[in-house]
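Quick note on labels: first sequence line is chain A, next is B, and so on, each numbered from 1. The basis for the numbers below is simple: all heavy atoms, side chains too, and nothing from hydrogens, waters or symmetry mates.
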Number of protein chains: 2
Amino acid sequence: MPPAVNLKSLAQALNLSIATVSRALQDSHEVSPQTKERVRALAAELNYQPNAYASSLRRNLSKTIGVVIPEVNNHFFSLAINGIEEVARQHDFHVIIYLTHDDYAREVAIAQYLTGGRIDGLLMSVASGSQDFAHLHKLQENKLPIVFFDRVCEEVSTAKVTTNDYESGFRATQHLLEAGCRHVAHLLVSGNLSIGRSRMQGYAAALQAHGLPYDEDLVLSGGNDQERNATLIKELLERRPEIDGIFASVEHLAIGSYHACQRLGRSIPEQVKIIGFSNLEIAALLNPALTTITQPAYDIGREAAVILLRAVTRKKSVLPAQSLMLESELFARASTAR
Amino acid sequence: MPPAVNLKSLAQALNLSIATVSRALQDSHEVSPQTKERVRALAAELNYQPNAYASSLRRNLSKTIGVVIPEVNNHFFSLAINGIEEVARQHDFHVIIYLTHDDYAREVAIAQYLTGGRIDGLLMSVASGSQDFAHLHKLQENKLPIVFFDRVCEEVSTAKVTTNDYESGFRATQHLLEAGCRHVAHLLVSGNLSIGRSRMQGYAAALQAHGLPYDEDLVLSGGNDQERNATLIKELLERRPEIDGIFASVEHLAIGSYHACQRLGRSIPEQVKIIGFSNLEIAALLNPALTTITQPAYDIGREAAVILLRAVTRKKSVLPAQSLMLESELFARASTAR
DNA sequence: TTATTTACTGGAAACGTTTGCGTAAATAAA
DNA sequence: TTTATTTACGCAAACGTTTCCAGTAAATAA
């Protein structure tokens, strides 16, 4: 091990005290310009890097934020991460990522970790299986500021960034109805997710507005197993052959619908029209091009990070309950053509 | 601030010394079973979490690995991250992610950070713009074990995980030639990336094997701006209308080719056949379905993480130069049909 | 009975940083 | 001249762990 270059070795080499070297590197006003220059020169020459852990321990600040999401292999979340990382970098913050794989137990374990003071703030999209939120309340008790994005947790009072999910659900359904659909199925990932509920309510309201009945049997809850989803959708389409429209609440369920239709030989959009929430850049290149409700994923990540970092740098540990709602956009494409 | 629960407070409450409490929580053999139980019980009750920074500082070990990649909004990398995270979780390690956006300056800045001892090991896919590798050598001098994956850096001697890029390039090109193409363009992201070179060499070798000339003008270097890529490809297709096959070395260039053909009204695969490296799950749903060379992205991430964590836990700071090469798979689909 | 081991436990140093406080010299004010 | 103030720096404590080094008491061996 080469003798690590730290404040002590710098101080010795410069014949100064550790305190002075530390202050010089922080550009403190209580060290002379000449000394600052000497210190900086040697630090640069020896390639000194402060020990992040010592600094974090002493200052009780880690310059790190955590991001807890279900998956990273998902266009929405990877775009959001891009936004988050952008903001973090501007503030000289580091980003630790944890994946729950939509598993409640993992989410709890991760939350447990996080009470150790490893991060200064948390950005989170809750796992779909989560019902109990004691682990999140514990984080708040530990003075960890939290910002939820997209999959928010209503039971915890803090800042939240979402999109207009109710309205989007309404518009998506309405879009199908206006395209001539009369039997619209709704595929969602989990009924107890707040955004799932909102989209569902929008769906139900649109049906009602068009004088159509809400049929519980047309609502399908999918999971994380893509193959299984495709099978479930296929079974639904077989069981209810009158279905002529599908509103998929998340991207991979729209994809699953394509596969199901392919297997059943149902043509899109002639027999079944499909609209889905999605951040696929290549929705337009699908066969047929997929009509999407597209969330401003990058901006959601950005905004959530901005709110969090503002709180962190101001040492506001508990964020006032606030909701920022961004607008999704509907891109009509071939999959819902008349 | 609620009085933080730490070793000291636990020790006081239990009328024990800090040392004993610490040892009890680590299940040391030199503390009695009864004491261990008492300590554990109170720790659990008070929800004690050890301060990660104090521990890292003292043990000179952070239980954290860094991942430096160009983008996260990319199927290959997000799958790789899934693999990495899986292994890290099994070893109780944390994962910090840094994005270079393929920018050399950012990569250098990130490397600079990383010498601060914040992480115990590094997984890296180098930025396409990187020419000089002093920043990486510095990391090695700082005793940071590095494993490169996919976009490896040949100039740095350490462990590397890649796929059979030369062979894949050869097979991809051969596939087009066997489908009848005579003028095959090659789109790549950067000529000075080692994997880019390998794929390119495979491309050139396949041409030669089929008695076709290598034409430099048919090789196009793309960037990160998708719109610009599509324009460049379009211009190439206009300039050289005889092009009847495209081998895209990365996913988004294949997508760009689709867009370019769409704009020019060239039909795939009748006029132009396209094959591309890609981890798109929905390649089969594109219009037409895209023929792909698919890398085992998840496994690459997994294997790289396994190698790294083995080195980290064995305190091997400098890894022996080794290469692990996994196999890519070619999925023939409609975009290269005769 | 004495010597030696074994089983627990505690004191204190160390990791590298930041920062409150003290102080000497230099300067300004009285 | 004396007295305040400023400037520039050092000492040492603190952050919460881990771990080396002893130390005590009981158990075993001689």
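Between the CZ atom of Arg118(A) and the P atom of dC15(D) there is a distance of 21 Å, rounded to whole Å. A straight line from CG of Asn60(B) to P of dG16(C) spans 7 Å, rounded to a whole angstrom. One can place CG of Leu61(A) at 15 Å from C1' of dT19(C), the figure rounded to the nearest angstrom. Atoms CG (Asn6(B)) and P (dT17(D)) sit 5 Å apart, rounded to a whole Å. Residue Asp27(A) contributes atom CG, which lies 13 Å from atom P of dT18(C) at whole-angstrom precision. Between the CG atom of Leu57(A) and the P atom of dA13(D) there is a distance of 17 Å, rounded to whole Å. For Arg58(B) and dT17(D), the CZ to P distance is 13 Å, given to the nearest whole Å. When rounded to the nearest whole Å, the span between NZ of Lys8(A) and P of dT17(C) equals 11 Å.
In this model, no donor atom of one side chain and acceptor atom of the other lie less than 3.5 Å apart for Asn51(B) and Tyr53(A).
When the side-chain nitrogen and oxygen atoms of Ser22(B) are compared with OP1 and OP2 of dT17(D), none of them lie within a distance under 4.0 Å. OP1 or OP2 of dT17(D) lies within a sub-4.0 Å distance of a side-chain N or O belonging to Tyr48(B). Arg59(B) has a side-chain polar atom (N or O) that falls below the 4.0 Å cut-off from OP1 or OP2 of dT18(D).
Nucleotide dT5(D): paired with dA26(C) (Watson-Crick or G-U wobble, both distances less than 3.5 Å).
The side chain of Asn51(B) has dG16(D) as its nearest neighbour among dG16(D), dT17(C), dT18(D).
At distances below 3.5 Å, at least one donor-acceptor pair connects side-chain atoms of Glu107(B) with backbone N or O atoms of Ala127(B). No donor-acceptor distance shorter than 3.5 angstrom exists from the side chain of Ser55(A) to the backbone of Ala52(A), with no hydrogens or angles considered. Judged by distance alone, with hydrogens and angles left aside, the side-chain atoms of Arg151(B) form a donor-acceptor pair with the main-chain N or O of Val126(B) at under 3.5 Å. Listed for the Gln26(A) side chain is a donor-acceptor partner under 3.5 Å among the backbone atoms of Ser22(A).
Glu37(B) has a carboxylate O that lies under 4.0 Å from a charged side-chain N of Arg40(B), or vice versa, which qualifies the two as a salt bridge. A salt bridge does not link Arg59(A) to Asp120(A): none of the charged nitrogens lies less than 4.0 Å from a carboxylate oxygen.
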Give me the distances for all protein-to-nucleotides 4-11 of chain D N/O pairs that come in under 3.5 Å?
unit_1	atom_1	unit_2	atom_2	d
dC9(D)	OP1	Thr35(A)	OG1	2.6
dC9(D)	OP2	Ser32(A)	N	2.8
dC9(D)	OP2	Ser32(A)	OG	3.3
dC9(D)	OP2	Thr35(A)	OG1	3.2
dC9(D)	N4	Glu30(A)	OE1	3.1
dG10(D)	OP1	Ser17(A)	N	3.3
dG10(D)	OP2	Ser17(A)	N	2.8
dG10(D)	OP2	Ser17(A)	OG	2.8
dG10(D)	OP2	Thr20(A)	OG1	2.4
dG10(D)	N7	Arg23(A)	NH2	3.3
dG10(D)	O6	Arg23(A)	NH2	2.6

